[in-house]
Amino acid sequence: MTDLVILGESMVELSQVEPGLFRQSFAGDVHSVAVYFKRLSSRADKVRLMTAVGHESTSDGLIRALEEEQVDTSLIFRHPTRQLGLYSVTTDANGERSFNYWRSQSAAREVIPLFRDATQVACDGGYSPCGLAPRPDTFFFSGISLAVLSPETRPAFWELVANLYNSGTRIVFDPNYRPKLWESQDQTRTEYAHAFEYAHLTLPGIEDLTTLYGVSDFSSACDLLNQFDIEEMVIKDGPNGVYYRGPGEQFLVPISPVKDVVDTTAAGDSFNGSYLAFRSHGLSPRDAITRAAKVAGIVIQHRGALVEKTRFAEILSQ
Ligand code: ADP
């Protein structure tokens, strides 16, 4: 049985149906990882999304939506004044999509102090946070999770990661990169270096490493990551395959390119969630990559991050 904790931000998504009319749902990179992990893992596997929301009814809606997907919400904290972040997706006459975000003051940015307040216990000379209980066997966060944490709360985040690492939790990091969320590339590289130092498994997409490190292919990605002591690397590159490097083996898994790509949102996130689920079933890295790539291939043939649950189950069973 796997007990996975995923830290990050889940947002309100407003997706344009026609001019002036929007459909509301919930989304975010870690939201997709959690949902696809739970959909593909066995019943006993558990995933907790660690984030913060507000007290408004939309936040209640997010919690209900996660519970419908059997994602555990016990690590979702309520901020006294802040609310959920929000983004809209509009499509122009040529089918080009554009995104607008309202997330700079979202509750999720304060998840670490809220977690500390909620879990602090009396100790010598005051109070200290007692950590994640029960301790998860896997802890996942992404470059987006890191970017959205209020900068003054990052030292406490690294303290939490160090505690988990030292007590045997497997640390998983996807360095997905959204330049607009960072003050500078130097700041991102500093934070990512900490993350790579702790990571037992990293799941980068080549594109995310290109701007930050000048990486352009699997070989240069491996050279970059070899500077760190990372046990397993699963490097994604769209339809160009997935490269695996782990204890005693390394290989390229080819991908069958999807002809009719509808929307690449959540390609990497659905891959990550399903890869972790398939590994927790006991599949080898190669088989888990092959099956996770099939899941990502299904996701990109549908609009939006989450393929409707029943439809998803139907396609998988075909
Ligand atoms: P990220 O979103 O992390 O940058 P990628 O764009 O590399 O990740 O996509 C993640 C996964 O989605 C790939 O490893 C692959 O399995 C699948 N994928 C992406 N684009 C395609 C495509 N055109 N055809 C088939 N599979 C794809």
Side-chain angles (χ1 to χ4, degrees), residues 1-11 26-54 59-79 84-85 106-121 129-142 144-146 148-149 153 156-174 195 198-201 203 266 269-270 272-281 305-306 309:
M1 183 199 129
T2 297
D3 179 8
L4 168 67
V5 167
I6 299 184
L7 179 135
E9 179 170 27
S10 195
M11 285 174 289
F26 300 101
D29 69 320
V30 290
H31 186 115
S32 303
V33 177
V35 167
Y36 284 108
F37 173 84
K38 192 59 205 167
R39 285 185 183 182
L40 292 153
S41 59
S42 49
R43 206 175 268 266
D45 288 334
K46 179 172 160 185
V47 55
R48 290 177 271 167
L49 185 66
M50 181 172 177
T51 191
V53 301
S59 289
D60 298 338
L62 168 65
I63 290 173
R64 275 197 303 278
L66 288 167
E67 283 170 350
E68 277 166 23
E69 295 280 356
Q70 275 88 48
V71 174
D72 184 302
T73 57
S74 59
L75 289 174
I76 300 190
F77 304 98
R78 299 265 189 180
H79 193 279
L84 285 179
S106 68
R109 293 187 176 253
E110 297 299 314
V111 58
I112 295 297
L114 291 168
F115 159 71
R116 286 171 76 101
D117 286 351
T119 59
Q120 64 183 354
V121 287
C130 70
L132 281 174
R135 182 181 67 76
D137 45 44
T138 310
F139 181 75
F140 177 102
F141 65 101
S142 71
I144 299 176
S145 316
L146 267 178
V148 300
L149 292 180
T153 72
F157 168 75
W158 290 120
E159 208 179 291
L160 170 69
V161 175
N163 286 340
L164 289 167
Y165 180 93
N166 291 330
S167 36
T169 292
R170 195 169 161 72
I171 309 293
V172 182
F173 175 57
D174 177 347
Y198 284 114
H200 296 89
L201 163 66
L203 299 142
D269 307 323
S270 58
N272 293 349
S274 44
Y275 178 77
L276 293 173
F278 293 134
R279 289 305 304 278
S280 79
H281 285 292
L306 300 181
K309 205 174 173 179

* With distance as the sole test, does T169 use its side chain to make a donor-acceptor pair with the main-chain N or O of P136 at under 3.5 Å? -> yes
* Of D269, V71, T2, the residue whose pairing with F37 passes side-chain contact (heavy atoms from CB on, under 4.5 Å) -> T2
* L132 and F139: side-chain contact (heavy atoms from CB on, under 4.5 Å), yes or no, with the steps? -> CA-CA 10 Å; L132 281 174; F139 181 75; 4.3 Å; yes
* Asked: Is there a salt bridge (Lys or Arg N to Asp or Glu O under 4.0 Å) between D3 and R48 once you walk through the steps?
  -> CA-CA 8 Å; D3 179 8; R48 290 177 271 167; 2.9 Å; yes
* Considering non-hydrogen atoms only, spot the tightest contact between L84 and S106 and give its length. => C-CB, 4.3 Å
* Check whether any side-chain heavy atom of M50 sits under 4.5 Å from a side-chain heavy atom of L160, and report yes or no. => yes
* Asked: Distance from S41 atom OG to M1 atom CE, nearest 0.5 Å?
  -> 10.0 Å
* Asked: Quick one: CD1 on I63 to OG1 on T73, what's the gap to the nearest 0.5 Å?
  -> 5.5 Å
* Which one of V30, V5, L7 satisfies the side-chain contact (heavy atoms from CB on, under 4.5 Å) criterion with F140? -> V30
* To do: Please report the shortest heavy-atom distance between L146 and W158, naming the atom on each side.
  => CD2-CZ2, 3.5 Å
* **Worked check of side-chain contact (heavy atoms from CB on, under 4.5 Å) between L66 and I76** => CA-CA 11 Å; L66 288 167; I76 300 190; 3.6 Å; yes
* Asked: What's the spacing between D45 CG and T138 OG1 if we round to 0.5 Å?
  -> 9.5 Å
* **Straight-line distance of L114 CG to T119 OG1, nearest 0.5 Å** => 10.5 Å
* To do: Over 60° means perpendicular and under 30° means parallel, so classify the ring planes of Y198 and Y165, tilted if in between.
  => perpendicular
* Can any side-chain N or O of H200 pair as donor or acceptor with the backbone N or O of I171 at less than 3.5 Å? -> yes
* To do: Can you see which heavy atom on L40 is nearest to which on S274, and at what distance?
  => CD1-CB, 3.2 Å
* **Closest non-hydrogen atom pair, S145 against G8** => OG-CA, 3.7 Å
* Asked: Can you name the closest pair of heavy atoms from H31 and L62 and give their distance?
  -> CE1-CD1, 3.6 Å
* Asked: Would you say the side chain of V35 lies within less than 4.5 Å of the side chain of F26, judging by non-hydrogen atoms?
  -> no
* To do: For the pair R109 (side chain) and L149 (backbone), establish whether a donor and an acceptor sit closer than 3.5 Å, ignoring hydrogens and angles.
  => no
* First locate atom CZ of R279, then atom CZ of R170, and finally report the distance between them rounded to the nearest 0.5 Å. => 7.0 Å
* Between D72 and K38, is the closest basic N to carboxylate O distance under 4.0 Å? -> no
* To do: With rounding to the nearest 0.5 Å, note down the distance linking CD1 in I6 to CG in L276.
  => 7.5 Å
* Salt bridge check: are D60 and R78 linked by an N-O gap of less than 4.0 Å? -> yes
* Which is it for E69 and L49 under the side-chain contact (heavy atoms from CB on, under 4.5 Å) test, yes or no, and what are the steps along the way? -> CA-CA 12 Å; E69 295 280 356; L49 185 66; over 6 Å; no
* To do: Please confirm whether F157 and F141 have ring centers closer than 6.0 angstrom.
  => yes
* Asked: At their closest point, which heavy atom of F173 faces which heavy atom of S142, and how far apart are they?
  -> CE1-C, 3.6 Å
